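So the structure is just underneath, and the comments pick up after that.
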Protein chains: 2
Amino acid sequence: MSAADATILLVDDHSVVREGYRSVLQKQPGLRVVAEAADGAEAYRLYKSETPDLVIIDLSMPGIGGIEAVRRIRQWDKAARILVFTMHENAGFAVQAIRAGARGYVTKTSPPETLVRAVKDVLAGKIAISPDIDHELALSRISGETSAADVLTPREFEVLRLLLAENTTEEIAETLHVSPKTVANLHSLIKDKLGVASDIELVRLALRQGILTEVDLGEA
Amino acid sequence: MSAADATILLVDDHSVVREGYRSVLQKQPGLRVVAEAADGAEAYRLYKSETPDLVIIDLSMPGIGGIEAVRRIRQWDKAARILVFTMHENAGFAVQAIRAGARGYVTKTSPPETLVRAVKDVLAGKIAISPDIDHELALSRISGETSAADVLTPREFEVLRLLLAENTTEEIAETLHVSPKTVANLHSLIKDKLGVASDIELVRLALRQGILTEVDLGEA
DNA sequence: ACCAACACCGGGAAAATTTCACGACGTTGC
DNA sequence: GCAACGTCGTGAAATTTTCCCGGTGTTGGT
């Protein structure tokens with residue numbers, strides 16, 4: 001490893017998965033994994049102490065999610081290069097991630113070459129999106145349906161995600177370090193923006209748009 | 001690698017994740033990954049042709065899911081040793097997987113040692129379950145989830161169905177020829193009986209129990 | 001540099017709702 | 001007969017939702 005190697009921070013709550021990234025990336029010359037984090041808060045801390053050239057981050061993680069972590073890192077360093085690598089094959093998430101400041105969005109079903117390609121593209125200053133998501137985005141452009149991701153701000157989307165994860169207003173306020181009042185206000189605003197009157201409709205809409213998937217549901 | 005190595009089939013739809021397993025397992029003497037599959041059907045085919053000593057399989061995959069794959073493999077070979085390795089930290093899935101014939105259930109949040117331990121245990125003929133799921137199982141044993149159809153009176157169940165069909169309190173009152181107040185009272189009582197605090201949890205529970213199915217959701 | 005637009009945070013107060021306590025009525029089953 | 005329960009509803013308190021407001025910080029255009 002030379003001094004000119006690009007440094008990378010890996011963020012994923014599954015340690016064996018991090019091992020996978022590491023294994024794939026280490027085969028590439030010029031790349032060096034310098035740190036790993038298992039959740040968003042830790043990622044933020046490590047970014048500040050290590051200031052790596054690139055962050056590769058998952059979305060669904062305990063505590064603050066990946067989107068929120070992206071937002072915070074970019075707030076701290078506007079030049080941060082962040083590549084989202086996630087299981088969610090969903091245009092909405094991609095839109096939100098890019099809006100929050102990510103420079104790339106690659107799904108975990110992609111072959112390793114796609115990840116490597118995206119890493120290099122992002123390091124070169126380009127925006128990298130995996131082909132399946134490109135396709136999804138094209139489709140949603142065609143159908144013209146206004147999705148949650150389109151009308152919600154990153155913060156609102158994050159609150160929505162936490163609401164769907166069956167947290168209470170107080171727990172969410174705690175997680176995001178804001179007052180419960182703010183969460184309640186956002187909850188109300190979200191419903192307004194999405195044009196639903198009740199929480200029940202809200203969940204149904206989230207299911208239709210793939211923000212909440214059936215596998216997230218909990219015990220059978 | 002000696003002829004006495006235990007042979008392993010890896011099944012996961014994320015290639016980079018398979019790379020992670022492989023990397024962790026290859027550090028262990030006596031273990032050899034001989035095949036990889038990206039979905040349930042391929043796993044079944046490969047099992048029949050390779051008859052490995054152990055299968056490590058994910059649950060959420062395209063096509064036939066992991067549970068179904070477990071069932072088929074066990075149907076073909078009653079002695080098959082299958083270890084489920086998944087992101088779902090969920091007692092219900094674990095129960096289903098074990099019932100389908102899996103000999104182990106480990107979550108992806110577990111450290112690599114736990115996976116390695118489980119692999120050895122299953123190869124030794126034991127049943128291996130990661131600590132977090134053990135805990136979940138203990139909890140769910142204590143407070144089993146109340147089945148909606150069980151504890152609700154017919155009238156309450158009917159109101160629940162109408163609530164899920166995204167009707168307002170007033171519309172339901174109209175439909176049932178009762179006062180909106182009664183519907184509101186029942187709504188509250190239903191949540192109480194089912195042990196949920198919010199409407200969001202209510203919908204989730206209904207989905208889990210099949211009262212509301214995803215096909216009811218309306219247009220995409 | 002300036003301004004407009006917007007995201008974000010939360011207080012205050014009105015409006016709506018949820019929840020609780022309490023009856024009333026009818027049916028069922030012992 | 002009567003105890004238990006489902007059903008329906010009222011009133012009042014408790015809580016939540018909603019709306020309106022001001023403040024801050026950032027972004028983008030002129």
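In what follows, every chain begins at residue 1, and chains take the letters A, B, ... in the order their sequences are listed. Worth saying up front: this structure is predicted, and the values here are computed from it rather than measured.
In this structure, Q28(A) CD and E113(A) CD are separated by 9.5 Å, a value rounded to the nearest 0.5 Å.
As a whole-Å value, the separation of E158(A) CD from dC8(C) C1' is 14 Å. Protein atom CD1 of I190(A) is 12 Å distant from nucleotide atom P of dC9(C), rounded to whole Å. Taking atom NE2 on H187(B) and atom P on dT19(C), their separation rounds to 7 Å, with Å as the unit. For the pair I172(A) CD1 and dC9(C) C1', the interatomic distance rounds to 16 Å; values are reported in whole Å.
The side chain of R99(A) contributes no N or O atom lying less than 4.0 Å from OP1 or OP2 of dA7(C).
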Inset, instruction - Assign a letter to each nucleotide of nucleotides 25-30 of chain C from its 5' end: B, base within under 4.0 Å of a protein heavy atom; S, sugar-phosphate only; -, no contact. - result: ------
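Using a 30° and 60° split on the angle between ring planes, Y21(B) and F85(B) fall in the perpendicular class, above 60°.
Comparing N185(A) and K193(A), the nucleotide of DNA chain C nearest to each residue sits closer to the 5' end for K193(A).
The residue from I8(A), V70(A), L9(A) that alone fulfils the side chain to side chain contact (heavy atoms under 4.5 Å, CB included) condition with V55(A) is L9(A).
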Inset, instruction - Report the C-alpha separation of R71(A) and E68(A) in whole Å, then their side-chain angles, then the decisive distance to 0.1 Å, and conclude whether the salt bridge (Lys or Arg N to Asp or Glu O under 4.0 Å) test is met. - result: CA-CA 5 Å; R71(A) 219 172 70 87; E68(A) 180 64 15; 3.4 Å; yes
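Taking every nucleotide of DNA chain D with any atom under 4.0 Å from a non-hydrogen atom of chain B, the first and last of them, 5' to 3', are dG6(D) to dA12(D).
R74(A) comes within 4.0 angstrom of no nucleic acid atom, judged by non-hydrogen atoms across all strands.
Using a 4.0 Å cut-off on heavy atoms, the residues of residues 174-183 of chain A that approach DNA chain C are V178(A), S179(A), K181(A), T182(A), listed by number.
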